[in-house]
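Take a look at the structure set out below.
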2 protein chains.
Amino acid sequence: MIGKTEKRKKLEKAGWRIGSAADFLALTPAEERYVEMKLALAHRLSETRRRHRLTQEKLATVLKTSQPRVAMMEKGDPSVSLDLLVRALLALGVTPRLTN
Amino acid sequence: MIGKTEKRKKLEKAGWRIGSAADFLALTPAEERYVEMKLALAHRLSETRRRHRLTQEKLATVLKTSQPRVAMMEKGDPSVSLDLLVRALLALGVTPRLTN
DNA sequence: AGACTGTATATCAGAATTGATATAAGTCCA
DNA sequence: TGGACTTATATCAATTCTGATATACAGTCT
């Protein structure tokens with residue numbers, strides 16, 4: 001079990017702007033899960049890239065995007081869509097199955 | 001095992017414009033998987049809504065969007081993002097876990 | 001220190017997605 | 001047939017996302 005303050009810090013560190021404690025608590029469970037999913041995918045992308053021994057620059061070329069965007073993806077930045085993350089993972093051969 | 005022509009029909013019916021057989025075959029495995037994921041989520045959304053005995057109109061209200069967009073989502077229309085689909089499912093309490 | 005490699009941050013114009021609206025089409029029942 | 005209800009399609013302005021560029025930061029080596 002992870003405390004709320006701790007979780008908040010984790011999210012803020014990841015670039016999710018959360019103004020006040022009230023704002024944070026206003027995150028619905030669905031929103032929290034969405035953010036967590038994104039961070040999980042982001043982490044997975046980073047891991048996968050390392051496993052393939054690629055630099056962000058090289059991965060960017062493979063994905064036909066730029067190194068800065070890859071950096072954003074690996075942070076799970078709010079400005080990056082799930083689509084982009086999923087496409088990247090699929091391109092790397094990772095096959096996410098959606099289970100209940 | 002599903003034939004290529006059959007699969008193509010399925011995708012075209014779902015609104016994915018695929019001009020020629022050559023174009024279709026040009027879909028990379030990653031792209032195919034992406035489309036299939038989307039259609040799976042779309043179908044899942046439709047099922048879930050029905051299970052909750054909601055009209056598209058009512059679901060739209062819950063999701064703070066419009067009935068026409070819900071229709072698009074349930075078709076897995078190319079103009080609908082994974083984000084939107086996932087958010088919708090999460091809002092309905094479906095909790096997709098990403099497994100290997 | 002300086003050069004080099006890899007990653008992070010800021011900004012922005014162009015592209016894609018969004019909710020909304022209007023309206024058509026399908027379904028059921030009296 | 002016609003109305004009530006539900007879903008589908010078309011269009012569009014506003015928002016969001018994207019790739020690109022410039023540049024900063026961090027680590028390693030000589």
Side-chain angles (χ1 to χ4, degrees), chain A residues 10-18 27-28 30-31 34-35 37-39 41-92, chain B residues 10-18 27-28 30-31 34-35 37-39 41-92:
Chain A
K10 194 175 97 188
L11 295 179
E12 284 182 342
K13 200 174 155 195
W16 297 84
R17 272 174 273 130
I18 291 156
L27 276 186
T28 67
E31 288 168 335
Y34 173 78
V35 172
M37 264 187 71
K38 218 151 140 176
L39 293 180
L41 290 172
H43 185 247
R44 187 105 171 246
L45 178 61
S46 183
E47 271 185 334
T48 306
R49 170 176 67 78
R50 291 166 203 278
R51 191 159 52 243
H52 287 236
R53 310 212 183 288
L54 295 173
T55 63
Q56 290 185 344
E57 186 65 44
K58 282 184 189 147
L59 177 55
T61 303
V62 172
L63 302 179
K64 299 193 211 302
T65 182
S66 61
Q67 175 271 319
R69 187 141 300 274
V70 171
M72 295 300 223
M73 291 187 211
E74 294 190 358
K75 276 183 48 185
D77 191 277
S79 80
V80 171
S81 71
L82 272 185
D83 293 67
L84 201 59
L85 283 169
V86 168
R87 279 175 192 279
L89 286 168
L90 289 177
L92 284 176
Chain B
K10 194 175 98 186
L11 295 178
E12 284 183 342
K13 198 175 155 195
W16 297 84
R17 272 174 274 130
I18 290 157
L27 275 186
T28 68
E31 289 168 334
Y34 173 78
V35 172
M37 266 187 69
K38 218 151 136 175
L39 293 180
L41 290 172
H43 184 247
R44 186 103 171 248
L45 178 60
S46 183
E47 271 186 335
T48 306
R49 172 177 65 79
R50 290 166 204 279
R51 190 159 53 245
H52 287 236
R53 310 213 182 285
L54 294 174
T55 63
Q56 289 185 345
E57 186 64 45
K58 281 184 190 146
L59 177 54
T61 303
V62 172
L63 301 179
K64 298 194 213 299
T65 182
S66 61
Q67 175 270 320
R69 186 139 302 275
V70 171
M72 296 300 222
M73 291 187 212
E74 294 190 358
K75 276 186 47 184
D77 191 277
S79 81
V80 171
S81 72
L82 273 184
D83 292 67
L84 200 61
L85 282 169
V86 168
R87 280 175 192 278
L89 286 168
L90 289 177
L92 284 175

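These values consider heavy atoms only, across backbone and side chains, with no hydrogens, waters or symmetry-generated copies. Please read all numbers here as calculations on a predicted model, not as lab measurements. In what follows, chains are A, B, ... by sequence order, proteins preceding strands, each numbered from 1.
- Looking at heavy atoms from C-beta onward, L84(A) lies in side-chain contact with R69(A) at the 4.5 angstrom threshold.
- For the segment residues 49-59 of chain A, the set of residues with a heavy atom within less than 4.0 Å of an atom of DNA chain C comprises R49(A), T55(A), Q56(A), in numerical order.
- One distance of note links CZ of R51(A) with CZ of R53(A); it measures 10.5 Å at 0.5 Å rounding.
- By the 6.0 Å contact criterion, NE2 on H52(A) is enclosed, its count of non-hydrogen atoms from other residues, nucleotides or ligands being greater than 12.
- Of all the heavy atoms in K38(A) and P78(A), the pair that sits closest is NZ-O, 3.5 Å.
- In this structure, L59(B) and L92(B) have side chains that are in contact, with non-hydrogen atoms separated by less than 4.5 Å.
- Sequence order on DNA chain C of the closest nucleotides to Q67(B) and L82(B) puts L82(B) first from the 5' end.
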Got a list of protein N/O to nucleotides 17-20 of chain D N/O distances below 3.5 Å?
unit_1, atom_1, unit_2, atom_2, d
dT18(D), OP1, S81(A), OG, 2.6
dT18(D), OP2, S79(A), O, 3.3
dT18(D), OP2, S81(A), N, 3.0
dG19(D), OP2, T65(A), OG1, 3.1
dG19(D), O5', T65(A), OG1, 3.4
dG19(D), N7, R69(A), NE, 2.7
dG19(D), N7, R69(A), NH2, 3.0
dG19(D), O6, R69(A), NH2, 3.3
dA20(D), N7, S66(A), OG, 3.2

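- Side-chain N or O atoms of T61(A) include one that pairs as donor or acceptor with a backbone N or O of E57(A) at under 3.5 Å.
- The two residues L63(B) and A88(B) make their nearest non-hydrogen contact at CD1-CB, 3.7 Å.
- Counting 5' to 3', DNA chain C first comes under 4.0 angstrom of a heavy atom of chain A and last does so at the ends given by dG6(C) to dA10(C).
- Among all heavy-atom pairs drawn from L89(A) and T48(A), the shortest one is CD2-OG1, 4.2 Å.
- Using a 4.5 Å heavy-atom cutoff, the side chains of L90(B) and R87(B) are not in contact.
- The one candidate from R44(B), M37(B), M73(B) that meets the side-chain contact (heavy atoms from CB on, under 4.5 Å) condition with L85(B) is M73(B).
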